[in-house]
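One structure below.
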Amino acid sequence: MDVDNLEKFNPLALFDKEANAQMRKALDSLGGNELYLPPLKLHQHSDYAFVCFSLAGPLGMKPQELAEKLVAGIGANPLFEKIENVGPYVNFYIDRKVLAGKTMEMVFRMKDRYGSFEFEDQAPKIILEHTSANPTGPLHVGRARNPIIGDTMARILRKRGYDLDVHFYVDDMGKQLVILTWGHENITGLDVESDRADHKFVKFYQEANRLMAEDPNINNEINKLISLYEEDGEADISKKVKKNCEDILEGMLVPMMRLDIHYDKFDLESKYVRDGSVAEVVEKLRASESTGEDDGALYLDLEKFGIHGRENKLFLTRSDGTSLYTTRDIAYHIDKHNNFDHMINVLGEDHKLKAEAVSIALNEVLDYEKKVEVIFYAFVSLPEGKMSTRKGQVVYMDDLIEEAVSRALAEVEKKRPELPEEIKLGIAETVGVGAIRYNIIRVQAEKQMTFKWEEAMNFEGNSAPFIQYSHARASSILRNTDAPNDFDPGLLIHESEISLIKALARFPSLIIKCADDRTPHLVASYTYELASLFNQFYRDCPVLSAEADIMEARLNLVKCSKMVLQNALNTLGIVAPEEM
RNA sequence: GGGCGCGUAGCCUAGCCAGGAUAUGGCGCUAGCCUUCUAAGCUAGAAGCCAGGGGUUCGAAUCCCCUCGCGUCCGCCA
C-alpha cells in the first residue's frame with residue numbers, strides 16, 4: 001500500500017508526509033544527507049516532535065543549535081500553524097482549520113467506511129482461526145478471551161483491507177467426544193435439565209470421566225469405542241459422536257451469537273483423518289531426518305531444534321499407529337498453507353510449545369514457506385484460583401451475559417423509567433453484552449486476568465457503557481436537528497473542539513497500527529479516549545443554543561463524532577445505541 | 001531443572017517492539033458541579049523508589065545482564 005493510497009483513507013497521512021519531508025529537506029541542507037532520520041512521532045507537547053540529540057553530534061552542533069537551524073530551514077508551511085523549537089526539540093503544530101476541514105470531509109465522504117482501507121491490488125488472503133474450543137460443554141469465561149480477541153482482530157483486519165476468512169477448528173477426533181457419547185448412552189439418573197446440548201452433555205462428560213477413572217472395565221470399554229471411532233467413520237459410535245458434536249457446537253455458539261461473534265467456516269479435525277491427509281503427513285515426517293520411533297510410536301525430536309526440557313520428544317502417533325492431536329494440526333495447517341497467503345491463530349498460552357512444534361514440522365521439517373502467526377493470551381482465573389470445569393469452579397459465558405444484561409436492565413429502569421419495556425430490554429442487552437466484550441478486550445492479551453464480577457460489570461469510567469453513553473448523547477443532539485451540509489470548520493476553535501477533531505483524525509492510523517501490530521486492546525483505549533473527549537466537548541460547547549453559524553459547525557462535529565464513535569465501537573463488536 | 005510470558009499508586013490499566021521534554025487513564029477515596037443538548041457525565045485533589053539490583057547512553061518504564069514473584073508448558077491427552 002503506497003502513500004498516495006493511504007492519503008485517500010487517512011487524513012493524517014498528508015501531515016505525516018509533509019512534516020517528514022520538510023525535516024528531511026532541512027537536514028539535508030545542513031549537510032546531513034547521510035544521516036538516518038527516524039520518523040517523526042506524535043507527541044503530547046506538539047503534533048509532531050523531533051529530538052535533536054542523536055543528530056547534533058555527527059553534524060558538529062549542539063542539540064539546541066541544530067533544532068534552531070532546522071526550524072529556520074523549514075520555514076513556514078500552509079499545513080502547519082507553526083513550527084518552532086523548544087530547546088533541542090523541533091515541534092510541528094498542525095493547522096487546526098486545515099485538519100478540521102480535511103478530517104470532517106473524509107468522515108462524511110467515507111461514513112461507516114471511515115477507518116477502513118483498500119489494497120490497490122488484490123488483497124492478501126488471511127485465515128484467522130479462533131475459539132476452536134473442544135465441543136464438550138459450554139464456553140466459560142476462562143476461555144472467553146479467545147473469541148473476543150479473535151473476533152475483534154478479525155474486524156480490525158477486515159477494516160485494514162485484507163480478504164479475511166474466520167475459521168473455527170472443531171476437535172471432533174479426540175477421546176473426549178467418545179467419552180461423552182458413552183456417558184450419554186450409559187449413565188442414568190443425572191440431573192441434566194437444559195434446552196442446550198452443551199449444558200446437558202457436559203454433565204455426562206464429567207460423570208463419564210469420573211467413572212472411567214475408578215472402573216477399569218468402563219475404561220476398557222471406552223477405549224475400544226475410541227479405537228473403533230478412529231478406524232471407522234461409518235460405525236455406529238461415529239455417527240452418534242458426529243451428531244452429538246454438532247448439537248453441542250450449536251449450543252456453544254449461542255452466547256457467541258449474542259456477543260456478535262461469527263465464523264465463516266468450521267473445519268472438522270476428523271476430515272483430515274478420514275481423507276487420508278493425516279496419514280500422508282505421518283509418512284512424510286517419518287521419512288525425514290528429524291523424527292524417531294519409540295516402541296512403534298513416531299515422534300519429532302524437538303532437541304534438534306533447540307527446544308530443551310525434561311522431555312523433548314513430541315509424539316506424532318501412538319504405538320498402534322493412530323494419530324495424535326498435533327499431527328492432525330500439522331495436516332490442518334498444510335491445508336491452510338495451500339489456500340491462504342497468511343495464517344493467524346488465537347491460542348491460549350498453554351499451546352505455546354505445541355504451536356512451536358507445528359511450526360517446526362511445517363517450516364523446517366516439511367519445508368513449507370509461510371509462517372503460522374499466533375496471538376497468545378493468558379488465562380482468566382477466578383479469585384479462588386484456576387477455572388476448572390471438573391471441580392465446578394467455573395463461570396459460564398451464558399451466566400456472565402445473563403448477569404450483565406440483568407444488571408444493565410436494573411440500571412435502565414432506574415435512569416429511564418419512562419421508556420417502553422421493549423426499548424429498555426434492547427438497551428440492557430446492548431449495554432450488558434458491550435460491557436463484557438469491552439472489559440475483556442481492553443487488557444493486553446498476554447497479561448493474566450483475574451475475573452471479578454464487579455470489574456466485568458463495570459458500567460462507568462473506562463467501560464463500554466461510558467462510550468455508548470457518549471454516542472447516545474451525540475444521537476440525542478441530532479435527534480431533531482440534522483447537521484447542514486454547508487458549514488465553516490474554521491469556526492471550531494475551542495480547545496475541546498480541536499482535541500476532539502484530532503482524535504477523529506487519528507482513527508484510521510489507529511486501525512493500521514492495531515492491524516499490523518495485532519493489538520486489538522488499543523482500539524479500546526482509543527475509543528474510550530474519543531468518548532471522553534466528546535464528553536468534554538459536550539460540557540464546554542453548547543450546540544443547539546449556539547449562534548447559527550457556530551451551531552452549524554458544531555452540529556457537523558457532533559455528526560462526525562457520532563460516526564467515528566460508531567465505527568470504533570463496531571470494530572470492538574459493540575453496538576452504538578441511539579439512546580440509553 | 002529448562003523454555004516462554006507477565007510484574008507500572010489500595011485495585012485495574014496505557015506506554016515497552018522503533019529510548020527523549022512534568023509516566024496514561026479508570027475504579028476506590030476527598031471536595032465540588034444538574035431550572036440550560038441524557039449526571040452511565042464533568043471539574044479539582046490526595047495517592048508511583050514503573051518488582052529489585054547492575055549495565056549501556058548526554059538521557060532508561062522502554063535496550064542488555066542477574067535476582068525475586070506470578071502464570072504457563074516440558075503426556076503414546078486435547
Side-chain angles (χ1 to χ4, degrees), chain A residues 38-39 41 43-46 49-54 56-57 63 86-89 91 134 136 171 173-176 269 294-299 302 306-320 322 324-326 328-329 348-354 356 376-379 381 386 408 411-412 414-416 431 435 439 442-450 452 454-455 458-470 472-481 517 521-522 524-525 528-529 531-532 535-536 538-546 554-555 558 579-580:
Chain A
K41 287 184 178 176
H43 201 275
Q44 52 175 333
H45 293 272
S46 61
F50 179 73
V51 201
C52 293
F53 286 95
S54 59
V86 177
Y89 298 90
N91 291 333
N134 281 342
T136 50
D171 293 337
M173 206 57 226
K175 295 175 172 181
Q176 73 278 357
E269 190 182 15
D294 194 347
D295 194 19
L298 185 72
Y299 63 83
L302 294 175
I307 295 175
H308 313 286
R310 288 196 190 100
E311 179 62 66
N312 32 43
K313 291 173 183 170
L314 180 95
F315 282 89
L316 300 164
T317 71
R318 301 191 180 94
S319 295
D320 63 5
T322 54
L324 292 164
Y325 170 81
T326 315
R328 297 175 218 131
D329 213 22
E349 60 179 343
D350 56 333
H351 281 68
K352 277 185 180 175
L353 183 62
K354 288 291 145 73
E356 201 171 343
F376 289 107
Y377 62 92
F379 290 130
S381 58
K386 220 171 142 176
E411 205 69 13
V412 188
K414 204 162 70 192
K415 284 168 171 137
R416 305 293 302 279
V431 165
N439 277 304
R442 58 179 257 270
V443 181
Q444 195 188 317
E446 298 220 315
K447 270 195 172 161
Q448 303 157 33
M449 287 179 100
T450 304
K452 290 175 191 138
E454 323 83 71
E455 283 171 15
N458 182 22
F459 290 167
E460 51 189 33
N462 190 359
S463 71
F466 174 97
I467 301 161
Q468 293 172 314
Y469 186 68
S470 293
R473 278 177 150 179
S475 306
S476 163
I477 293 174
L478 296 167
R479 188 122 46 226
N480 299 313
T481 322
D517 296 352
H521 68 287
L522 295 182
S525 345
Y528 173 74
E529 200 182 323
S532 179
N535 284 338
Q536 287 162 43
Y538 183 93
R539 172 202 64 205
D540 292 334
C541 305
V543 178
L544 299 176
S545 59
R554 285 182 180 167
L555 276 168
V558 172
E579 62 178 332
M580 61 187 277

>> Taking B:C70 as the reference, what is the distance to B:C12 when you measure between their P atoms (whole Å, please)?
In response: 15 Å
>> Distance check, C1' atoms only: B:U30 and B:C37, in whole angstrom units.
In response: 31 Å
>> I want to confirm an ordering. Mapping A:Cys52 and A:Lys452 to their closest nucleotides on RNA chain B, which one lands closer to the 5' end?
In response: A:Lys452
> Rounding to the closest angstrom, what is the interatomic distance between B:A47 and B:C34 at atom C1'?
Replying inline: 29 Å
Below 3.5 Å between N/O atoms, which protein atoms pair up with nucleotides 39-41 of chain B? Just atom names and distances, please.
unit_1	atom_1	unit_2	atom_2	d
B:A39	OP2	A:Arg473	NH2	2.7
B:A40	OP1	A:Tyr469	OH	3.3
B:A40	O4'	A:Lys415	NZ	3.1
B:G41	OP1	A:Gly461	N	3.0
B:G41	O3'	A:Asn535	ND2	3.1
B:G41	O2'	A:Arg473	NH1	2.8
B:G41	O2'	A:Arg473	NH2	3.2

> In whole Å, what is the span from the CZ atom of A:Phe376 to the P atom of B:G5?
Replying inline: 10 Å
> Does B:G75 have a Watson-Crick or wobble mate here (both distances under 3.5 Å), and if so which one?
Replying inline: none
Is there any protein nitrogen or oxygen under 3.5 Å from a nitrogen or oxygen in nucleotides 15-17 of chain B, and what are the pairs?
unit_1	atom_1	unit_2	atom_2	d
B:G15	OP1	A:His521	NE2	3.4
B:C17	N4	A:Lys513	NZ	3.1

>> For the C1' atoms, the ones on B:A61 and on B:A14, what distance do you get once it is rounded to whole angstrom?
In response: 12 Å
>> Checking the side chain of A:Ser470 only, and the main-chain atoms of A:Asn535 only, is there a donor and an acceptor separated by less than 3.5 Å?
In response: no
>> Rounding to an integer number of angstrom, what distance separates B:G52 and B:G69 when you compare their C1' atoms?
In response: 11 Å
> At under 4.0 Å between heavy atoms, what does A:Pro542 touch on the DNA or RNA strands: base, sugar-phosphate, or nothing?
Replying inline: base
> Taking the same atom, P, in B:C16 and in B:C74, what whole-Å distance lies between them?
Replying inline: 32 Å
>> Between B:C65 and B:U56, how far apart are the two P atoms, rounded to whole Å?
In response: 15 Å
>> Closest-nucleotide mapping onto RNA chain B: is A:Ser46 or A:Asn462 further toward the 5' terminus? I mean the 5' end.
In response: A:Ser46
>> Quick check against the 3.5 Å criterion: does A:Asp329 have a side-chain atom that pairs as donor or acceptor with the backbone of A:Tyr325?
In response: no
> What is the distance from CZ of A:Arg539 to P of B:C34, rounded to the nearest Å?
Replying inline: 15 Å
>> Over all strands shown, is A:Ser381 touching base, sugar-phosphate only, or nothing at heavy-atom distances under 4.0 angstrom?
In response: nothing
> Looking only at heavy atoms, which two atoms of A:Val431 and A:Met580 are closest? And how far apart?
Replying inline: CG2-CE, 3.9 Å
> Base, sugar-phosphate alone, or nothing: which one does A:Asn91 contact when heavy atoms must sit under 4.0 Å apart?
Replying inline: base
>> Whole angstroms only, please: what is the NE2-C1' distance between A:His43 and B:A18?
In response: 14 Å
> So what does A:Gln536 hit on the nucleic acid, given a heavy-atom distance under 4.0 Å: a base, only sugar-phosphate, or nothing?
Replying inline: sugar-phosphate
> When every nucleotide of nucleotides 68-78 of chain B is labelled 5' to 3' by its protein contacts under 4.0 Å (heavy atoms), B for base, S for sugar-phosphate only, - for none, what sequence of letters results?
Replying inline: --BBSSBSBSB
> Rounded to whole angstrom units, what separation is found between the CD atom of A:Glu529 and the P atom of B:A14?
Replying inline: 14 Å
>> Of the listed nucleotides (B:U13, B:C6, B:C11), which one gets closest to any side-chain atom of A:Glu446?
In response: B:C6
> Expressed in angstrom and rounded to an integer, what is the separation of A:Leu555 atom CG from B:C37 atom P?
Replying inline: 15 Å
>> Looking at A:Glu455, is its backbone amide N or carbonyl O close enough to the side chain of A:Asn439 to form a donor-acceptor pair, meaning the two atoms are under 3.5 Å apart?
In response: yes
>> Please pick, from B:C42, B:C12, B:C37, the nucleotide with the shortest atom-to-atom distance to any side-chain atom of A:Ile477.
In response: B:C37
>> Under 4.0 Å, counting only non-hydrogen atoms across every strand here, what does A:Val543 touch: a base, just sugar-phosphate, or nothing?
In response: base
>> Please classify B:C34 as syn or anti, treating any glycosidic angle within 90° of 0 as syn.
In response: syn
> Can you tell me how far C1' in B:U13 sits from the matching atom in B:C73, rounded to whole Å?
Replying inline: 27 Å
